[in-house]
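These notes are about the structure you will find just below.
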Number of protein chains: 2
Amino acid sequence: MWRDRTSRSDGRGGSGSWSSPRGRRGSLPVGCTTCVDGGSPRLGRARIGAGDGRTAYGRAAVVDGGARPGALYRKVAADLGREITEGAYGSGGRLPAEGELAERYGVSRGTVRQALSVLRADGLITSRRGTRRVVLRTSQVQSFGELLSFTRWARSIGEEPGSRIVRVENEERATAAEREQLRLAEDARVCRMVRVRSLSGRPVMVERTVYPEAVGALVAGLDEGAVSHTVRLEEQGVLFADAQHTVDLVRADEEDAELLGCRPGDPLLRERRRSTDPAGAPIEWSEDRYLPGTVAFTVHSSAAAGTLARRPGMPPSG
Amino acid sequence: MWRDRTSRSDGRGGSGSWSSPRGRRGSLPVGCTTCVDGGSPRLGRARIGAGDGRTAYGRAAVVDGGARPGALYRKVAADLGREITEGAYGSGGRLPAEGELAERYGVSRGTVRQALSVLRADGLITSRRGTRRVVLRTSQVQSFGELLSFTRWARSIGEEPGSRIVRVENEERATAAEREQLRLAEDARVCRMVRVRSLSGRPVMVERTVYPEAVGALVAGLDEGAVSHTVRLEEQGVLFADAQHTVDLVRADEEDAELLGCRPGDPLLRERRRSTDPAGAPIEWSEDRYLPGTVAFTVHSSAAAGTLARRPGMPPSG
DNA sequence: CAGTGGTCTAGACCACGTT
DNA sequence: ACGTGGTCTAGACCACTGC
């Protein structure tokens with residue numbers, strides 16, 4: 001392992017390389033030794049990188065609520081997650097036992113369990129008493145940032161994101177609905193913004209976002225050409241930690257039709273979203289309307305976590 | 001607390017009632033004493049019921065992967081979850097500190113943290129270093145069972161579920177797509193079923209489900225009038241543990257239109273789903289098409305868990 | 001600086017699945 | 001009977017928030 005532990009310098013080492021596949025040594029945490037490979041010879045690939053930005057475990061800008069980025073269990077999770085998505089265990093294959101992993105990584109069983117619970121939450125593996133864990137899927141996990149930021153998402157799928165600001169309303173009095181969504185006081189003001197988002201020049205979505213005044217001030221200060229407001233906001237200390245989404249179907253209104261180049265009444269896939277910062281304070285309320293065929297939303301759900309729900313729909317108004 | 005612990009019979013007891021709000025004492029786990037209330041006088045409501053079926057924490061038929069139903073942390077989570085959804089801390093309010101909760105419930109800090117992580121996964125609370133946890137929302141969590149079973153969902157929102165079997169194909173050779181989704185061998189056979197689901201007599205959804213042969217045999221054995229196949233399957237030992245969902249928009253084909261009473265080409269909200277059992281084996285692959293305005297899907301996502309993702313869509317084929 | 005949650009360890013016992 | 005994961009405890013230390 002990369003930490004000095006009693007009887008681990010047994011010279012079993014494989015390549016001894018703990019660098020990421022791209023050769024970046026990354027920021028190994030303080031206190032790391034030169035990493036005598038403690039990896040199991042069975043798989044011989046127990047390297048823990050600093051995260052190469054492709055997996056969602058080594059997140060940067062978007063913060064997990066107070067989680068320590070360099071935590072041991074995150075490195076273990078990142079390493080195992082990479083192995084899984086690379087197909088090292090196959091789809092439906094079995095993971096090594098907790099104890100085995102603890103030995104391989106030179107950490108306690110508790111830490112291994114914490115790592116595995118991350119992978120479980122991401123829907124990569126199952127977990128039940130009596131048997132080893134099983135690989136559920138080998139697909140990459142999409143990061144929270146790619147979910148919230150249209151720009152980051154577009155780039156991640158190899159498309160060029162575009163943004164055209166249609167309308168900005170600054171310091172407007174918040175409506176009752178906005179006050180409730182953003183948890184604002186009676187006399188609060190908000191910033192509203194309407195944008196058309198495009199993929200490689202083709203308009204695909206209309207985005208109508210409402211920000212609380214403080215956040216709106218930052219948004220208003222962005223350059224006209226700033227593509228990703230989310231990224232800019234994060235750079236200025238507005239951190240996105242949680243979001244609640246609702247997906248349904250609506251008909252295009254006059255404005256939608258004009259902006260997206262479709263006809264009024266045409267169906268659109270709608271995603272409404274309320275994002276909150278690590279303190280739980282709402283920082284954004286947004287309604288996105290996508291042309292059909294441009295996106296799909298995928299969710300993993302399990303008996304352990306009730307993140308997805310089906311709700312009664314409103315009768316279509318358009 | 002309800003367990004005998006050294007210095008806990010301090011007679012601080014409030015009402016001493018550990019029964020649920022409806023007065024059912026419920027099935028307290030073996031080894032429970034008469035529950036000398038160890039609750040904090042601050043809130044004076046530290047009762048842990050057996051779950052009244054409304055919250056998702058005391059789940060019955062649908063299993064969490066090997067989790068013990070009577071676990072301490074689940075009771076604590078159920079109790080805190082109930083308090084939160086009842087508004088005891090308000091929206092945006094702060095929870096008691098971990099240590100305080102540990103004392104109130106007479107458990108270790110680790111157990112409290114396990115309970116809180118359940119609430120966090122459900123999107124009810126935030127969590128960050130340095131400050132107390134904050135209530136994110138006070139809405140009820142929908143159980144996994146209500147998500148997977150149309151019947152259970154309909155009843156939970158006060159509607160009468162209906163089901164009409166349109167077509168059953170038994171022991172059919174699986175297509176390549178079906179083999180991949182259900183992880184079947186080359187020569188495997190499947191059972192296909194098409195149903196129209198209704199709410200209070202009004203058709204709202206077409207459901208096309210494919211089962212592996214073994215599961216299909218059980219489904220075929222159900223009475224014609226069995227409304228919830230999911231529930232029946234669970235009764236026969238087919239347990240649903242995980243599911244992967246994809247939500248997008250499609251156009252009604254000829255059959256859809258006829259079954260739902262709309263016109264071909266009309267937009268429908270589509271949910272595709274692959275469900276797996278606790279061992280990770282696929283047990284169902286389903287495609288549901290809803291009339292607009294009848295449902296919406298909600299998801300909580302956070303920087304900690306990547307359950308929701310946005311994917312590129314296929315160009316509309318209809 | 002005090003309070004609070006995040007991380008990690010070590011060990012114990014139990015319940016489940018499989019052989 | 002054995003291996004495996006689920007649960008619980010007790011304690012230690014650290015990092016962040018907010019006064």
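Naming: A, B, ... by sequence-line order, numbering from 1 per chain.
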Practice problem: Tell me which of B:Thr111 and A:Glu98 sits closer to the 5' end of DNA chain D, going by the nucleotide each one is nearest to. | Solution: A:Glu98

Practice problem: Check whether any side-chain heavy atom of B:Val215 sits under 4.5 Å from a side-chain heavy atom of B:Leu233, and report yes or no. | Solution: yes

Exercise. Measure from CD on B:Gln114 to P on D:dG5 and round the result to the nearest Å.
Key: 16 Å

Practice problem: Give the rounded distance in Å between these two atoms: CG of A:Leu95 and P of D:dT4. | Solution: 13 Å

Quiz item: Through what angle, rounded to 10 degrees, does the axis of the helix from C:dC1-D:dG18 to C:dT18-D:dA1 turn between its ends, using five pairs per end?
Solution: 20°

Quiz item: Whole Å only: how far is the CZ atom of A:Arg74 from the C1' atom of D:dA15?
Solution: 15 Å

Quiz prompt | Spacing of B:Arg129 atom CZ relative to D:dC16 atom P, expressed in whole Å | solution = 5 Å

Practice problem: Can you tell me the distance, in whole Å, between the CG atom of B:Leu119 and the C1' atom of C:dG5? | Solution: 15 Å

Quiz prompt | Euclidean distance, B:Leu95 CG relative to B:Thr126 OG1, rounded to 0.5 Å | solution = 9.0 Å

Self-check item: Nearest heavy-atom neighbours spanning A:Ser139 and A:Thr85
Solution: O-CG2, 3.6 Å

Quiz prompt | 5′-ward residue of the pair A:Gly130/A:Arg68 relative to DNA chain D | solution = A:Gly130

Quiz item: If we only count heavy atoms from C-beta on, is the B:Val135 to B:Leu124 side-chain gap below 4.5 Å?
Solution: no

Practice problem: Would you mind reading off the distance between A:Arg94 atom CZ and C:dG17 atom P, rounded to a whole angstrom? | Solution: 14 Å

Quiz item: On a plain distance test, is the side chain of B:Arg132 in donor-acceptor contact with the base of D:dG18 below 3.5 Å?
Solution: no

Quiz item: Under 3.5 Å, is there a donor-acceptor pair between the A:Arg133 and A:Ser127 side chains?
Solution: yes

Quiz item: Should B:Thr131 be listed as having a side-chain N or O under 4.0 Å from OP1 or OP2 of D:dT17?
Solution: no

Exercise. With heavy atoms under 4.0 Å as the rule, sort A:Arg133 into base, sugar-phosphate or nothing.
Key: sugar-phosphate

Quiz item: With respect to the side chain of A:Arg113, which nucleotide from C:dT7, D:dA10, D:dG6 is positioned closest?
Solution: D:dG6

Quiz item: When the distance from CG of A:Leu101 to C1' of D:dT4 is rounded to whole Å, what number comes out?
Solution: 12 Å

Exercise. State which of C:dG17, D:dG5, C:dT7 makes the closest approach to the side chain of A:Tyr73.
Key: C:dT7

Quiz item: Are side-chain N/O atoms of A:Asp122 and A:His300 paired as donor and acceptor at under 3.5 Å?
Solution: no

Quiz prompt | Candidate nucleotides D:dG6, D:dC8, C:dA10, ranked by approach to the side chain of A:Ser127 - the nearest | solution = D:dG6

Quiz item: So does B:Arg109 reach the base of C:dG6 with its side chain, donor to acceptor, closer than 3.5 Å?
Solution: yes

Self-check item: Interatomic distance, A:Leu72 CG vs C:dA10 P [rounded to whole Å]
Solution: 12 Å

Self-check item: Identified salt bridge (Lys or Arg N to Asp or Glu O under 4.0 Å) partner of B:Glu98 from the options B:Arg129, B:Arg109, B:Arg132
Solution: B:Arg109

